[in-house]
Student: 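Please read through the structure below; I'll follow up with questions.
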Amino acid sequence: MSKFYLTTAIDYSNGDPHLGHALEKVGADCIARYRRLRGDQVHFVMGMDEHSHSVLQAAAKAGVPPQEWVDRMASRFADFWDRLGCTNDDWIRTTEARHFRSVTELLQRIQQLHPDDLYVSEYEGLYCTGCEEFKQESQIVDGHCIEHPTLELVPTRERNHFFRLSRHGDSILELITSGKLRVEPAIRRNEVVRLIESGLQDISVSRLRQPWGIPFPGDAEQTVYVWFDALINYVSATGFPAPGYERLWPAQLHVIGKGITRFHCVIWPAMLLAAQLELPKEVWAHGYVQWEGTKMSKTAGTAVTLDEAIDRHGPDALRYFLLREVGFESDGNFTWERFDERYTSDLADGFGNLVSRTLAMMTKYREGAVPADCGDDSQLDDAGRAALQQYSRAMDALDLRGGAEAVWSLVSAANLFVQQTAPWSLAKSGQAGELDRVLGALARALGRLAVISSPFIPGKAQALWQDLGMEGNVSASKWEAAESPSVAGRSTRRPSILFPKPAVV
RNA sequence: GGCAGGGUAGCUCAGCUGGUUAGAGCACGGCACUCAUAAUGCCGGGGUCGCGGGUUCGAGUCCCGCCCCUGCUACCA
């Protein structure tokens with residue numbers, strides 16, 4: 001049994017969560033559930049990023065104190081993740097005392113172990129009084145901020161603490177190219193490698209007189225820059241610096257969005273090297289959810305709310321659609337039309353109807369008792385074992401779409417099996433032995449399906465599990481339950497409709 | 001501008017180091033069956049594989065050029 005410490009990006013507390021956040025959380029949860037199934041000791045952490053100026057602004061706009069604001073946001077986010085069935089073991093927030101302690105300690109370690117990695121310098125830039133932040137060249141047009149073209153940019157110098165990122169490029173490049181730090185998918189790895197090869201600049205890691213943040217150790221005037229602060233949450237959640245944090249650290253996997261690859265694959269490893277802590281084993285950067293084929297901007301985010309998406313067909317259906325259709329690798333599209341199509345064909349007519357017809361026959365022909373002692377050598381069992389192989393190969397590689405495809409390949413195989421064996425004919429002609437074999441094979445297929453579909457549709461998988469007469473929670477099952485489902489002799493019940501079809505869609 | 005990835009049936013995508021009539025799922029049309037949420041199974045229509053050259057006995061599959069899309073391009077969770 002091996003340890004599997006898994007994290008998602010912590011979310012920024014300045015607005016409601018949307019489909020993009022949901023994809024990441026659901027994807028990570030699917031991985032967590034799969035690893036548990038394989039017997040790993042999973043520790044799954046999600047949380048909130050609650051510092052920085054824009055949080056203050058959002059709080060001010062809402063007319064509440066910042067702490068009250070972030071408390072409110074944190075519970076909103078957590079509530080959504082709970083509704084979507086996320087099974088995180090911890091919930092870290094950067095305003096927590098444990099995180100303050102951890103950030104302070106990590107910086108002090110760098111100060112002690114590599115004092116040269118931190119130095120004070122002047123940061124020079126053009127400051128926009130409208131945005132209240134420094135602007136990069138790309139954000140400036142005709143000498144003015146894109147957002148506030150009527151305001152003059154103010155050349156400003158600020159004394160800051162800098163981190164000597166430039167010193168760590170070679171080491172990180174070596175770690176990534178040697179595979180000690182895996183960056184996936186490959187397109188993300190290429191980007192990072194190119195970035196490092198082109199040379200790294202030092203970065204400022206503190207801000208002057210920003211009240212909403214963590215004090216920089218040894219300099220009361222400065223607070224830790226929000227990025228530096230936020231990344232450290234991954235070790236804070238392990239209990240660092242208290243003894244025993246190594247039971248969790250290093251992380252096996254950081255799940256993030258593709259937009260923040262650089263921070264996780266360059267800056268974060270450098271910070272850890274400087275503090276002489278171990279590095280995470282892998283970073284997976286997923287793509288974005290597009291809405292009707294276009295970028296889901298914050299302003300256009302009103303097009304669909306997470307509430308609507310969950311209410312449409314329930315949380316399991318949304319999980320399934322995000323992971324199967326949108327995908328966890330490149331960008332994917334979300335439309336109501338496709339969502340409805342997937343729901344109807346894959347979930348209602350495919351998975352749901354298979355369960356319905358199978359359990360109905362079990363009730364009708366065998367009074368709900370799964371035939372015992374009928375072996376496991378049917379054609380459908382072969383298909384089941386092949387599906388398991390395809391499934392585990394995909395899931396091990398974090399190919400969640402491929403995993404879902406494997407599950408549904410077994411759904412198809414089972415539907416075909418029913419058609420070919422025609423249990424109703426066997427019943428009519430009184431071939432009891434053959435009917436037993438067929439129904440037994442179908443019950444085993446449903447058992448396998450309940451187990452391997454549970455990372456995707458945990459709620460419905462559990463309903464199926466119970467309808468099959470199995471005890472306990474399917475999500476607590478181990479892999480053996482999929483390899484050799486112990487369904488023989490169980491009392492099934494006439495199923496509820498797993499995925500009801502709306503009267504009119 | 002530079003770098004990277006991609007453009008294959010209406011939609012989402014497979015097509016490893018080039019090899020007979022280019023595939024899957026969904027959607028669409030017909031047939032079969034009746035256990036089932038009028039579900040399922042079978043058959044079928046449908047593609048100049050972005051465009052133009054080239055290499056080769058033979059190219060979505062390799063080379064060159066062009067067009068279009070997406071991402072990264074440093075302090076945007």
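To find a chain, count down the sequence lines: A is the first, B the second, and so on, and within it residues start at 1.
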Student: I need the CG-P distance between A:D346 and B:rC26, as an integer number of Å.
Tutor: 8 Å
Student: Any chance you could lay out the side chain to side chain contact (heavy atoms under 4.5 Å, CB included) test for A:L107 and A:L118, step after step, and finish with the verdict?
Tutor: CA-CA 9 Å; A:L107 274 164; A:L118 290 169; 4.1 Å; yes
Student: If pairing requires Watson-Crick or G-U wobble contacts with both distances under 3.5 Å, which nucleotide is the partner of B:rU34?
Tutor: none
Student: Nearest whole angstrom, please: distance from the C1' of B:rC35 to the CE of A:M362.
Tutor: 11 Å
Student: For the side chain of A:S204 and the base of B:rC75, is some donor closer than 3.5 Å to an acceptor across the two?
Tutor: yes
Student: Give the nucleotide from the list B:rU40, B:rC35, B:rG41 with an atom nearest to the side chain of A:L416.
Tutor: B:rG41
Student: When the P atoms of B:rC28 and B:rU21 are compared, how many Å lie between them, rounded to an integer?
Tutor: 32 Å
Student: In this structure, is the centre-to-centre distance between the rings of A:F456 and A:W408 below 6.0 Å?
Tutor: no
Student: Grab the CZ-C1' distance between A:F263 and B:rC75 for me, whole Å please.
Tutor: 6 Å
Student: For A:E191 and A:R194, what are the C-alpha separation, side-chain angles and deciding distance, and is it a salt bridge (Lys or Arg N to Asp or Glu O under 4.0 Å)?
Tutor: CA-CA 5 Å; A:E191 283 175 10; A:R194 289 300 134 71; over 6 Å; no
Student: Measuring from the side chain of A:K428 (C-beta onward, heavy atoms only), which nucleotide among B:rA36, B:rC26, B:rU34 has the closest atom?
Tutor: B:rU34
Student: When you measure from the side chain of A:F499, which nucleotide among B:rG5, B:rU37, B:rU12 comes out closest?
Tutor: B:rU37
Student: Whole Å only: how far is the CZ atom of A:R188 from the C1' atom of B:rU70?
Tutor: 9 Å
Student: Look at the aromatic rings of A:W212 and A:H51 and report parallel, tilted or perpendicular, splitting at 30° and 60°.
Tutor: perpendicular
Student: Please report, rounded to the nearest Å, how far the P atom of B:rC75 is from the CD atom of A:Q201.
Tutor: 9 Å
Student: Taking only the side-chain heavy atoms of A:F162 (C-beta and beyond), determine which of B:rG71, B:rU34, B:rC75 contains the nearest atom.
Tutor: B:rC75
Student: Please determine, for the side chain of A:Q419, which listed nucleotide (B:rU37, B:rA4, B:rU40) has the closest atom?
Tutor: B:rU40
Student: State the pairing partner of B:rU20; accept Watson-Crick or G-U wobble contacts with both distances under 3.5 Å, and report none otherwise.
Tutor: none
Student: Pairing check on B:rA14: which nucleotide meets the Watson-Crick or G-U wobble criteria with it, both distances under 3.5 Å?
Tutor: none
Student: Of the candidate nucleotides B:rA74, B:rG41, B:rU37, which contains the atom at the shortest distance from the side chain of A:L200?
Tutor: B:rA74
Student: Do A:H313 and A:Y320 have ring centres separated by under 6.0 Å?
Tutor: no
Student: Check whether any side-chain N or O of A:Y365 sits under 4.0 Å from OP1 or OP2 of B:rA36, and answer yes or no.
Tutor: no
Student: Paired with B:rG45: which nucleotide, if any, by Watson-Crick or G-U wobble criteria at under 3.5 Å for both distances?
Tutor: none
Student: Which class fits the ring pair A:F321 and A:F339: parallel under 30°, tilted 30 to 60°, perpendicular over 60°?
Tutor: tilted
Student: For A:L439 and B:rC35, give me the distance from atom CG to atom P, rounded to whole Å.
Tutor: 13 Å
Student: Taking the C1' atom in each of B:rC57 and B:rG44, what is the distance between them to the nearest angstrom?
Tutor: 35 Å
Student: Can you tell me which nucleotide in B:rA36, B:rG71, B:rA74 comes closest to the side chain of A:E191?
Tutor: B:rG71
Student: Write down the distance between CG (A:L446) and P (B:rA36), rounded to a whole number of angstrom.
Tutor: 15 Å
Student: Can a side chain N or O of A:K501 be found less than 4.0 Å away from OP1 or OP2 on B:rA39?
Tutor: yes
Student: For B:rA4, which nucleotide in any strand shown is its Watson-Crick or wobble partner with both distances under 3.5 Å?
Tutor: B:rU70
Student: Looking at the side chain of A:D349, which of B:rC26, B:rA39, B:rC75 is the nearest nucleotide?
Tutor: B:rA39
Student: In the structure shown, which nucleotide is the Watson-Crick or G-U wobble counterpart of B:rC75, with both distances under 3.5 Å?
Tutor: none
Student: How many Å lie between CG on A:D467 and C1' on B:rA36, as a whole number?
Tutor: 14 Å
Student: Does the ring center of A:H254 lie less than 6.0 Å from the ring center of A:F263?
Tutor: no
Student: Could you tell me which nucleotide pairs with B:rU56 by Watson-Crick or G-U wobble geometry, both distances under 3.5 Å, or answer none if nothing does?
Tutor: none
Student: Can you find an N or O donor on one side and an acceptor on the other, under 3.5 Å apart, linking the side chain of A:N353 with the base of B:rA36?
Tutor: yes
